[in-house]
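Counting starts at 1 for both ligands and their atoms, following the listed order. Residue numbers start at 1 and run along the sequence shown. Heavy atoms only: backbone and side chains are in, while hydrogens, waters and symmetry mates are out.
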Amino acid sequence: MNNVSDSAVLSQFAYSEAAHRALGRAPALFIDGAWVASTHGLTIPVIDPSSGKSVGAVVDASEADVDRAVAAARRAFDDGRWTQLPPAARERMIQKLADLIEENCDELAELEAIDNGKPKAVAAANDIQLSIGILREMAGWSTKLGGELIEPSMLPRGTFHSYVRREPIGVAAQIVPWNFPLFMAAAKIAPALAAGCTVVLKPAEQTSLTALRLADLIAEAGFPAGVVNVITGHGHSCGDRLVKHPDVDKVAFTGSTEVGKTINRHATDTLKRVTLELGGKSPVVIFPDVDVQAASSGAAGAIFFNAGQVCIAGSRLYAHRSIFDKIIEGIVDAAAAWQPRASLDPSAQMGPLVSDEQFHRVMGYIEAGKKAGATVAVGGDAPASDGGFYINPTVLVDVAPDMSVVREEIFGPVLVAQRFDNLDEVAREANDSEYGLGASVWTRDIATMHQMAAKIRAGTVWGNCHAMIDPVLPFGGYKQSGLGREMGRAGVEVYTELKTVIISL
Ligand code: NDP
């Protein structure tokens with residue numbers, strides 16, 4: 001694919017000593033508070049997407065490894081070493097973990113850049129800060145998840161005492177994807193720990209480095225052994241084992257809708273509690289009264305941030321017919337700032353895609369779009385490089401609602417753009433998707449904004465911005481974008497069971 005030329009994207013940026021140390025560690029799993037070798041010694045290479053080169057290895061956990069991790073989490077839950085701690089002590093420990101992430105921000109951002117391909121500066125400013133934010137927000141819930149006193153309604157007052165306890169579910173298996181590795185891990189463990197659950201965390205095979213460093217920090221923060229266990233490996237083997245394990249009480253998953261459905265089916269046999277954060281095809285709807293430059297640059301950021309590898313990426317653009325051409329021109333201009341560069345290049349705003357597989361998947365979608373009749377307004381190709389998985393920011397016009405590029409989650413820097421004439425029409429088109437994760441509406445008209453917010457069937461609607469998330473606000477999907485919510489109060493309550501107590505006095 002990539003012929004190196006004078007203008008090629010080059011990956012010649014040196015790793016720090018800390019990164020070399022992390023990459024040079026013997027592959028190991030974090031089980032029961034200790035680093036242990038796998039039972040079968042298999043590993044998965046760590047590939048730097050900026051160069052395409054193998055730079056390390058992590059364990060490919062065996063089923064026996066998964067069983068050890070689940071057993072450790074089970075013991076840690078059942079003997080009460082975490083659940084029975086004073087909630088304020090749990091809160092302090094989660095806060096301590098957030099402090100340690102803050103102290104190690106630079107190293108964690110670099111590891112994320114090496115492992116995932118996102119620019120280091122973006123990881124430091126976005127991923128690491130969100131990881132700290134979710135841990136701090138959830139730490140506070142440790143002391144605030146009270147029960148409720150409810151008097152029976154059909155019995156004389158004072159004859160019965162009844163109340164509802166909120167209790168931790170138990171052992172949580174948490175399976176996360178590769179697009180925001182540390183943040184996904186933090187967003188999973190934080191509410192589980194606040195609720196009093198114990199955890200087995202499985203990062204994605206492509207991006208395990210920061211989850212492994214997180215395990216170091218968990219040990220340093222003083223969490224009791226077995227409360228958090230981190231196992232690396234493939235989804236079809238160790239992920240599947242976790243989902244089916246009889247000693248796991250709850251599964252929390254972020255990733256593709258296809259795998260989410262499989263996990264939901266497999267968790268049904270033991271009726272595990274399941275939360276799923278799945279795919280999206282989020283619409284960006286631009287009405288004619290906007291500041292065209294601001295809206296174009298917002299739409300460009302909505303799709304090109306993280307090279308489009310974002311579940312809430314604004315991947316379907318609907319611009320009013322009267323301003324469509326100007327908006328496309330604005331996005332094409334803005335795309336210049338999103339030219340891909342190596343993740344350790346300080347000038348990078350967008351890096352390579354995470355893997356060769358993802359590169360080919362996204363290029364396949366672009367080719368399918370062209371073949372179906374779409375026109376490339378910008379991009380549509382890969383820049384020359386010395387081996388990385390780069391794709392230029394791409395905008396496709398002349399697309400039709402039934403094309404795969406319009407209907408399916410591409411998970412790359414690829415925007416499909418369509419025109420609309422009125423509010424009802426665009427609300428219908430925005431909702432014409434099996435997904436319902438997010439949507440943004442761009443207008444200065446307050447009535448249009450609120451009408452659209454009510455009509456759109458998605459877990460989050462943004463006004464004049466896109467993909468803003470905050471640890472206090474619930475996040476999740478309508479339709480096939482997921483089950484349940486993460487973050488905010490709703491995000492911690494999904495790690496609890498309600499127990500009703502009724503006592504005859
Ligand atoms: P997956 O959904 O396959 O992976 C997400 C996580 O699930 C990984 O940790 C993976 O492990 C694990 N997993 C995979 N299969 C199973 C299984 N049967 N049981 C338990 N765990 C499993 O995403 P991909 O990496 O394959 O990406 C494919 C597409 O998914 C992307 O192109 C994108 O469209 C979408 N995606 C969406 C995300 C989102 O946030 N909405 C995030 C990531 C991907 P492992 O990596 O080891 O296989």
Side-chain angles (χ1 to χ4, degrees), residues 42-47 49 58-61 63 66 115-116 118 127 173-181 183-185 187-188 200-208 211 230-245 248 251-269 272 274-282 306-313 315 353-366 389 391 404-405 407-414 434-438 458-459 467 469 475-477 479-483 486:
L42 298 182
T43 58
I44 300 171
V46 174
I47 309 288
V58 297
V59 169
D60 178 8
E63 292 201 347
V66 175
D115 215 10
N116 164 279
K118 67 181 65 202
D127 299 44
Q174 305 187 310
I175 300 172
V176 295
W178 41 258
N179 52 346
F180 295 92
F183 171 54
M184 291 288 155
K188 287 282 181 289
V200 180
L201 173 74
K202 192 202 90 62
E205 66 189 80
Q206 301 88 343
T207 55
S208 298
V230 180
I231 53 169
T232 56
H234 290 290
H236 59 79
S237 50
C238 79
D240 186 59
R241 177 74 180 163
L242 270 177
V243 170
K244 293 176 179 164
H245 204 294
V248 168
V251 177
F253 168 79
T254 299
S256 60
T257 292
E258 190 191 343
V259 171
K261 287 179 186 175
T262 302
I263 285 178
N264 203 25
R265 270 195 300 273
H266 290 169
T268 299
D269 282 343
K272 293 182 172 65
V274 176
T275 34
L276 304 172
E277 297 294 344
L278 308 177
K281 191 75 183 174
S282 299
N306 215 41
Q309 300 167 124
V310 184
C311 53
I312 45 178
S315 50
L353 299 197
V354 70
S355 63
D356 192 40
E357 185 187 357
Q358 193 64 13
F359 172 89
H360 284 102
R361 182 179 289 146
V362 174
M363 287 307 288
Y365 271 111
I366 294 173
F389 312 130
I391 292 184
S404 63
V405 284
R407 304 215 70 79
E408 295 172 23
E409 182 177 51
I410 298 176
F411 232 58
V414 183
E434 67 193 30
Y435 297 115
L437 199 52
I469 58 171
F475 178 85
K479 300 190 269 183
Q480 296 191 32
S481 285
L483 273 185
E486 291 194 323

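For ligand 1, the atoms lying closer than 4.0 Å to a non-hydrogen atom of His234 are 47 (O). Taking a cut-off of under 4.0 Å to the non-hydrogen atoms of Val176, the atoms of ligand 1 that pass are 6 (C), 8 (C), 9 (O). Heavy-atom proximity to Ile263, at under 4.0 Å, picks out these atoms of ligand 1: 19 (N), 20 (C), 21 (N). Below 4.0 Å from some heavy atom of Asp240 lie the following atoms of ligand 1, by number and element: 19 (N), 20 (C). Shown in contact with Pro177 at under 4.0 Å from a heavy atom are these atoms of ligand 1, numbered in order with element: 42 (C), 43 (C). Listed by number with element, the atoms of ligand 1 under 4.0 Å from a non-hydrogen atom of Leu278 are 41 (N). Counting the atoms of ligand 1 from 1 in the order shown, those under 4.0 Å from a heavy atom of Gln206 are 25 (O), 46 (O). Which parts of ligand 1 touch Ile175 is read off a 4.0 Å heavy-atom cut-off, strictly below it: atoms 6 (C), 7 (O), 9 (O), 12 (C), 20 (C), 21 (N).
Among Thr232, Ile231, Asp115, Ile175, the single residue meeting the side chain to side chain contact (heavy atoms under 4.5 Å, CB included) criterion with Pro203 is Thr232.
One finds the OG1 atom of Thr257 at 11.5 Å from the CD atom of Glu408 (value rounded to the nearest 0.5 Å). Note that the CD1 atom of Ile47 and the CD atom of Glu357 stand 12.0 Å from one another [nearest 0.5 Å]. Taken from NZ in Lys479 to CG in Leu437, the straight-line distance is 11.0 Å, to the nearest 0.5 Å.
Gly235 O, 4.0 Å is the protein heavy atom nearest to atom 18 (N) of ligand 1. Nearest to atom 11 (O) of ligand 1 among the protein's heavy atoms is Lys202 NZ, 3.0 Å. Summary of contacts: the protein heavy atom closest to atom 30 (O) of ligand 1 is Ser256 CB, 3.0 Å. Closest protein heavy atom to atom 7 (O) of ligand 1: Phe253 CE1, 3.0 Å. Given atom 25 (O) of ligand 1, the protein heavy atom at minimum distance is Trp178 NE1, 2.6 Å. In terms of protein heavy-atom proximity, atom 33 (C) of ligand 1 is nearest to Phe411 CG, 3.3 Å. At the shortest separation from atom 28 (C) of ligand 1 among protein heavy atoms lies Arg361 NH1, 2.9 Å. Ranking protein heavy atoms by distance to atom 48 (O) of ligand 1, first place goes to Glu205 OE1, 2.8 Å.
Lys281 has no carboxylate O lying under 4.0 Å from a charged side-chain N of Glu434, or vice versa, which leaves the two without a salt bridge.
Between the side chain of Gln309 and the backbone N or O of Lys118 there is no donor-acceptor pair closer than 3.5 Å. In this structure, Lys272 contributes its side chain and Val243 its backbone to a donor-acceptor pair below 3.5 Å. Of the possible polar contacts, one joining the Asn306 side chain to the Asn179 backbone as a donor-acceptor pair under 3.5 Å is found. In this structure, Glu486 contributes its side chain and Ala187 its backbone to no donor-acceptor pair below 3.5 Å. With hydrogens and angles ignored, the 3.5 Å screen pairs no side-chain donor or acceptor of Glu409 with any backbone N or O of Gly279.
Summarising the geometry of Thr254 relative to Pro177, their closest heavy-atom pair is O-CD, 3.2 Å, with the distance given to 0.1 Å.
Side-chain contact annotation: Gln480 with Lys261, donor-acceptor N/O pair under 3.5 Å present.
Taking 4.0 Å as the cut-off, Gly233 counts as a neighbour of ligand 1 on heavy-atom distance.
The closest non-hydrogen atom to atom 3 (O) of ligand 1, taken over Thr262, Leu353, Val259, Thr207, comes from Val259.
For a threshold of 3.5 Å applied to N or O pairs, the pair formed by Glu409 and ligand 1 contains at least one separation below that value. For a threshold of 3.5 Å applied to N or O pairs, the pair formed by Gln358 and ligand 1 contains at least one separation below that value.
Ring orientation note: the planes of Phe183 and Phe180 are nearly perpendicular, at an angle over 60° on the 30°/60° scale.
Distance check on atom 13 (N) of ligand 1: some protein heavy atom falls below the 4.0 Å cut-off.
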